[in-house]
Structure formats: structure tokens, C-alpha cells
Number of protein chains: 2
Amino acid sequence: MSDDHDESSALGRIETEVALLMRFGEATRRATGTAEHRVLDRAAYVILRHLADAGPQNVSALAARLNLDGSTVTRQVSALQRDGLITRTPDPSDGRGTVISPTPAGLQRMAAVQAARTRLYGDMLADWSPEDRSTLAALLGRLNQALINRNRPR
Amino acid sequence: MSDDHDESSALGRIETEVALLMRFGEATRRATGTAEHRVLDRAAYVILRHLADAGPQNVSALAARLNLDGSTVTRQVSALQRDGLITRTPDPSDGRGTVISPTPAGLQRMAAVQAARTRLYGDMLADWSPEDRSTLAALLGRLNQALINRNRPR
DNA sequence: CTCAGATAGCTGTATCATACAGGTACTTAT
DNA sequence: ATAAGTACCTGTATGATACAGCTATCTGAG
């Protein structure tokens, strides 16, 4: 085992903090916008964001991109459709496929949740310097990229 | 390096990256230590860590600390007991209470998962500078602290 | 053109984490 | 000694997810 004791403590701390973040993030999500209008669950939110970001696409593409099983995406999409947040249209170039598009309502709902969360972060990080915020955003981005690269090294 | 920029963009990016991290973190957990010996789920892992860290304690204390419902912790603890990872002993000073202690096997299992994850991070962050790792760890720590403070603003 | 194999999406079923409500046993204050 | 509070457990519900199997469709070889 090659143990770089100095660095492994940083790694250990990262591991700890990510685990904690997962726990608290879950609680926060549950608390962010309860009651009122039915909250978007984690997957629904990322689906809408991805649609808004990368344009209409089919279930398989979404599943691949979000690291989810196709059946999960199917059900999420069905729920989103039931709530009028996305529409399904037959893929004109492939009779098997369905193209998922966000509706205006879906985009709006997504934006509202996004804004609420951003506001929440602004609130929590009120006393952070702009540099620290920026650095955190950048490092998290790199961390996620590293995660993605590891899960799909192709 | 123009950081004299609208701060909300950093907040937005943080929001985005945290959401992504939640998604990928889930996948990572599922992949970390599959098959072989039954993985520790998120809650079980934090419970064991907390026990190792803060010593034996009762269900209510764990639930409060981990932001979980008491019933959830009860069930998690039952599962951990079934697997021989913790022991329950009656609280000598309170007939209603039960003190939860990690067993050697529990500590060892927890340490194994922890080591595997830390190794994984070391792997993924292989090309990061020690400074960046350290900074990420520190900023995540502050982020979690901010989350905790928000959830318990007493 | 026809048929075999691949692919897209859906459905059935299972698991797991979690919450809330209600019950039982014990403790504490009056 | 009784009422109120507390600790934990159990019943039940929800929601996210996976895997396996199904149907409809597409594509390519003959």
C-alpha cells in the first residue's frame, strides 16, 4: 500500500464531507419547498434541468446521461407528464422512440426550484467571500467530472 | 481570471454541482463494495462512523444527530445488529433506553468501506494538487457546517 | 421481401430508505 | 400515586430505484 500520509488525510476528509453532504443534502431537499406545490424529487429535477440544458431527447439518452436505469426514467417521465411538466412525442425518425420535451410549466417549475435552492445557498453562504464561493464551485465541478470519468472511462 | 462577476453565477454553479454530486454519489455508493460483502447503506455507514467517533449512545441521540426519524434509526440499528455490526445493551441508568455500541466487526466493516472510498477518491483525484484537495476538503467542511447551522439555528 | 437479431420503451415485481402515527414500557414531577 | 413525558418499537405508506421480461419497431443479410 502506498500511503502518502499527508494527502490521505485530505482524502479522508473529502470522503467524510461528501458522505455528510449526501445526508444533509437529502434532508435539505426534503425541506426545500415541501407542502405547497409538490416538490420535484431529485431525479425529476435533474431530468428537467438536463432537458432544459441539452434539449429534447429520448428516454434512453436521458437514462445513459443520468446514470439511471431506463425503467426509472420511464416512470419519472410518466410522472412528469402526468403533472404536465414534460410532453412525449413520437420520434418521427424512429417508431420505437419517444422524444421528451419540457413544457413551459416544467421549465418554470424547474427554474423556481433552482432559484429557491440558489437562494438557499446564498443564504447559507452569506458570509463567504466571492473567491471562496467561486473556488468551491470550481472544485465541485472538477470532482464531478472526475466521478463521471471514473464511471464511464470510455 | 475575472472574478469580479455576478456572484449568483457561483451560487448557481454550486447548486448545480451539489445536485450532480448527489446523483453520482448515490451511484458510487452502490458501486463501492458491491457483491462480496453486503454493502453498508448510507445511513448504516454514517451510524457506524458516528458511533466510532462519538462513542456508544442511544437511538434518540443518533436520530437527532443524523437528522433521521427515530423509527428509521431503530430499523437501521436492528439490521446492523442482525449483521453483528452493533450490539444493544440496556441503559443501566434509564430503563427505557438502549445503548448502541459498534462491535469490532462493525468497526472493521466501516473502516473497510471508508478505506475503499478514500482509495477511490485518491484514484479519481490522482492528478489533483495537494493544495486543491486540501482546499476542497476545507470548503466542503464549511459547506456542511453551513447546512448544519441552517437546519439547527439555535 | 422475409426473417432474425438488435433496440426503445413499458410493466411487473422486489428492495430499500424513509416518514408518520400509534402502542408499550419506563421515568419524572407533583 | 397518578399524570405527563420520553424511548423505542411496529404497522403502514411513499418514493426511488433496479432487474427481468414483454411488445413494437427497426435494420441488415439472404
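What's counted below: heavy atoms across the whole structure, side chains too, no hydrogens, waters or symmetry copies. Each chain gets a letter, A, B and so on, in the order its sequence line appears, and its residues count up from 1. Computed from a predicted structure; not experimentally measured.
Checked by atom type and distance alone, the side chain of A:D69 pairs as donor or acceptor with a backbone atom of A:S71 at under 3.5 Å. Checked by atom type and distance alone, the side chain of B:Q57 pairs as donor or acceptor with a backbone atom of B:G55 at under 3.5 Å. Remark: side-chain polar atoms of A:T103 are paired, donor with acceptor, to backbone N or O of A:G84 under 3.5 angstrom. Proximity of a side-chain donor or acceptor of B:D94 to a complementary backbone N or O of B:R96 within less than 3.5 Å is detected.
For the OP1/OP2 pair of C:dC16 and a distance below 4.0 Å, the side-chain nitrogens and oxygens of B:Q76 include no atom meeting the criterion. Taking side-chain N and O atoms only, A:T72 has no distance below 4.0 Å to OP1 or OP2 of D:dA16.
Remark: A:R109 is not positioned above the aromatic ring of A:Y45, lacking an NZ or CZ atom under 6.0 angstrom from the ring centre and at most 45 degrees off the axis.
Taking 4.5 Å as the limit, every side-chain heavy atom of A:N58 sits out of range of all side-chain heavy atoms of A:I100.
A:L66 places its CG atom 11 Å from the P atom of D:dA18, with the value rounded to the nearest Å. Atom CD1 in A:I100 sits roughly 11 Å away from atom C1' in C:dA8 (whole-Å rounding). Separating the CG atom of B:D91 from the C1' atom of C:dT28 is a distance of 15 Å, rounded to the nearest angstrom. Between the CG atom of A:L68 and the P atom of C:dG9 there is a distance of 14 Å, rounded to whole Å. Across the protein-nucleic acid pair, B:I47 atom CD1 and C:dT18 atom C1' stand 12 Å apart, rounded to whole Å. Regarding A:M22, its CE atom lies at a distance of 17 Å from the P atom of C:dC16, rounded to whole Å. Atom C1' of nucleotide C:dA8 and atom CZ of A:R65 are separated by 20 Å, given to the nearest angstrom. Residue A:L80 contributes atom CG, which lies 14 Å from atom C1' of D:dG15 at whole-angstrom precision.
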Grab the N/O contacts between the protein and nucleotides 7-10 of chain D below 3.5 Å, and write none if there aren't any.
from: D:dC8; atom 1: OP1; to: B:T98; atom 2: N; distance (Å): 3.1
from: D:dC8; atom 1: OP1; to: B:T98; atom 2: O; distance (Å): 3.4
from: D:dC8; atom 1: OP2; to: B:S60; atom 2: N; distance (Å): 2.8
from: D:dC8; atom 1: OP2; to: B:S60; atom 2: OG; distance (Å): 2.3
from: D:dC9; atom 1: OP1; to: B:R88; atom 2: NE; distance (Å): 3.2
from: D:dC9; atom 1: OP1; to: B:R88; atom 2: NH2; distance (Å): 3.3
from: D:dC9; atom 1: OP2; to: B:T74; atom 2: OG1; distance (Å): 3.1
from: D:dC9; atom 1: OP2; to: B:R88; atom 2: NH2; distance (Å): 3.3

